[in-house]
Amino acid sequence: MDTSWFAKRPVSALRPGDHGWLAYSSQEERDEIIGPFVREGLATTEKVVYITDVPAERLPGLGPGQPIDVDARVRSGQLRVITLREACLDRGGAFEPAKMADTVGREVGDAFGQGFRAARVTTDHSWLLNGPGRPGLGRMLGCEHRVGGTVSPSTMAMAICQVDRHACPPAELTALRDTHEVLVEVNPEFDDGILKIVRTFEPEGLRVEGELDAARHSVFAEQLRRLRPGRNVHLDLSRLGFIDLGGLHLLAKHATRLPADAALVLDHLSPDVESVIDMVGWHRLPGLARGRRLAETGGNA
């Protein structure tokens with residue numbers, strides 16, 4: 001699937017008018033994205049609206065160890081936790097798309113009068129896709145179009161629609177994604193305008209973009225060390241335009257520290273980078289494995 005027409009933004013780069021889409025592969029990935037979305041709103045003069053049946057203190061980004069007084073934010077109205085029944089269910093407990101859109105519109109409309117400079121809205125639709133009384137895909141798409149019609153023209157609203165990517169078939173996931181203009185991802189681990197390193201969750205590893213030269217070896221080595229050891233560690237190198245021999249040495253060195261039955265898998269190698277590795281010789285880089293090729297996959301839903 002080609003996703004080139006979508007804007008892809010780290011969560012901290014979202015701005016008013018963004019109707020964002022997050023298809024997460026694990027609770028950890030969700031929390032690493034929604035946590036900052038919630039915390040950053042509460043740390044400023046923005047209103048955060050979370051549509052969920054989960055208590056406020058258990059929301060991503062607001063657990064133990066966070067310096068945010070959750071009760072105070074709820075009392076002030078800066079944090080609005082709205083139950084599913086209140087936000088989007090009819091009297092019989094069935095999902096009502098128009099009610100969800102009305103809820104979002106009302107909360108965004110109230111935010112300005114309440115003194116907030118912007119409103120952040122999020123909810124997780126996974127329960128709709130794999131739970132009892134599942135609504136038809138058409139009703140889900142209609143809901144997303146309605147919410148997008150409220151958020152996208154706005155100068156003070158941004159939203160993230162969440163879904164567990166395993167909650168529905170790929171075709172349905174793609175159809176839901178296509179009702180959004182912005183794909184939201186985790187904030188980079190490192191980005192200096194030349195090299196960008198982004199954590200990936202499925203498969204576990206890193207996406208490396210730009211140029212990896214001698215000046216950036218130390219930060220790259222540190223990011224490799226932070227990866228949790230597993231059977232395989234994957235590096236998505238589809239957007240890596242250059243790597244020097246020292247960078248290849250770092251890869252090989254890290255690979256030797258993995259368990260005996262594991263490998264450092266290099267996915268989506270660009271032709272230029274692959275030619276450098278071929279020149280050096282894969283046999284001289286033990287523990288490295290060639291993974292998926294660029295032609296084998298398209299964009300992610």
Next item on the list: Look only at the side chain of D18 and the backbone of G20, and say whether a donor-acceptor pair between them is shorter than 3.5 Å.
Entry: no
Notebook entry, point to check: Any ion pair linking D213 and R216 (charged N to carboxylate O, less than 4.0 Å)?
Noted result: yes
Check: Under 4.5 Å between side-chain heavy atoms, hopping through other hydrophobics if needed: is there a path connecting I51 to V48?
Finding: no
Notebook entry, point to check: Where the side chain of R199 meets the backbone of E29, is there a donor-acceptor pair that is under 3.5 Å apart?
Noted result: no
Next item on the list: Check the angle between the aromatic planes of H180 and W21 and answer parallel, tilted or perpendicular using the 30° and 60° thresholds.
Entry: tilted
Check: Does the R146 side chain pair with the main chain of A101, one donor and one acceptor, at a distance under 3.5 Å?
Finding: no
Check: If you measure from CG on L84 to CG on L128, what distance do you get to the nearest 0.5 Å?
Finding: 8.0 Å
Checklist line | Distance-minimising heavy-atom pair for C168 and L129 | finding: SG-CD1, 3.9 Å
Note to self: Between the side chains of R293 and E274, is the shortest nitrogen-to-carboxylate-oxygen separation below 4.0 Å, so that they form an ion pair?
What the structure shows: yes
Check: Do you know which two heavy atoms are closest between R85 and R91, and how far apart they sit?
Finding: NH1-O, 3.9 Å
Note to self: Checking the side chain of S270 only, and the main-chain atoms of L240 only, is there a donor and an acceptor separated by less than 3.5 Å?
What the structure shows: yes
Notebook entry, point to check: So, Q78 side chain and T44 main chain: donor-acceptor pair closer than 3.5 Å or not?
Noted result: yes
Checklist line | Nearest-0.5 Å distance that lies between atom CG in L89 and atom CE in M100 | finding: 8.5 Å
Next item on the list: Decide, yes or no, whether a salt bridge links R207 with E185 under the criterion of side-chain N to carboxylate O below 4.0 Å.
Entry: yes
Check: With hydrophobic residues grouped by side-chain heavy-atom distances under 4.5 Å, do I34 and W127 end up in a single group?
Finding: no
Next item on the list: Evaluate the criterion side chain to side chain donor-acceptor pair (under 3.5 Å) for residue pair E202 and H166; output intermediate values, then yes/no.
Entry: CA-CA 11 Å; E202 191 177 88; H166 305 295; 3.0 Å; yes
Next item on the list: Give the minimum heavy-atom separation between A56 and V70, together with the two atoms involved.
Entry: CB-CG1, 3.7 Å
Check: Minimum heavy-atom separation for L264 to H254, with atom names?
Finding: CD1-CD2, 4.1 Å
Item checked: Nearest non-hydrogen partners of V11 and P36, listed with the distance -> CG1-CB, 4.0 Å
Notebook entry, point to check: Would a hydrophobic clustering, with Ile, Leu, Val, Met, Phe, Trp and Tyr connected at side-chain separations under 4.5 Å, put L183 with V186?
Noted result: no
Check: Quick one: do the T83 and D53 side chains pair a donor with an acceptor below 3.5 Å?
Finding: no
Notebook entry, point to check: Could R30 and D164 be called an ion pair, given the rule that one side-chain N must be under 4.0 Å from one carboxylate O?
Noted result: no
Check: Under the side chain to side chain donor-acceptor pair (under 3.5 Å) rule, what pairs show up with a residue in residues 115-125, not counting sequence neighbours?
Finding: Y24-D124, E46-R117, E46-R120, T122-Q162, D124-S126, H125-E144
Item checked: Donor-acceptor under 3.5 Å (D191 side chain, P188 main chain) -> no
Note to self: Between D236 and R292, does any NZ, NE, NH1 or NH2 come within less than 4.0 Å of an OD or OE carboxylate oxygen?
What the structure shows: no
Next item on the list: Locate the shortest heavy-atom distance separating A214 from D244; write the atom from each residue and the value.
Entry: N-OD2, 3.1 Å
Check: Would a 4.5 Å heavy-atom cut-off, applied to side chains only, mark V121 and V151 as touching?
Finding: no
Check: Is there a donor-acceptor pair under 3.5 Å between the side chain of D267 and the backbone N or O of H234?
Finding: no
Notebook entry, point to check: Between I33, V38, V54, D31, which is the residue that forms a side chain to side chain contact (heavy atoms under 4.5 Å, CB included) with P60?
Noted result: D31
Note to self: I'd like to know whether CZ of F201 has more than 12 heavy-atom contacts from other residues, nucleotides or ligands below 6.0 angstrom.
What the structure shows: yes
Item checked: Same apolar cluster (I L V M F W Y, side chains within < 4.5 Å links), V49/L62 -> no
Notebook entry, point to check: Would you call L288 and W282 a side-chain contact if the rule is heavy atoms closer than 4.5 Å?
Noted result: yes
Next item on the list: Return yes if some donor-acceptor pair links the side-chain N/O of S275 with the main-chain N/O of D272 below 3.5 Å, else return no.
Entry: yes
Margin query: Using 0.5 Å steps for rounding, measure from the CD atom of E189 to the CD1 atom of I197.
Written below: 8.5 Å
Margin query: Would the distance check show the side chain of S154 and the main-chain N or O of M156 forming a donor-acceptor pair, the cut-off being under 3.5 Å?
Written below: yes
Margin query: If we ignore hydrogens and angles and just use 3.5 Å, is the side chain of N232 paired with the main-chain N or O of A263 as donor and acceptor?
Written below: yes
Notebook entry, point to check: Are L235 and V198 connected in the hydrophobic side-chain network, where two residues link if heavy atoms are under 4.5 Å apart?
Noted result: no
Item checked: salt_bridge(E181, R9) N-O dist < 4.0 Å -> no
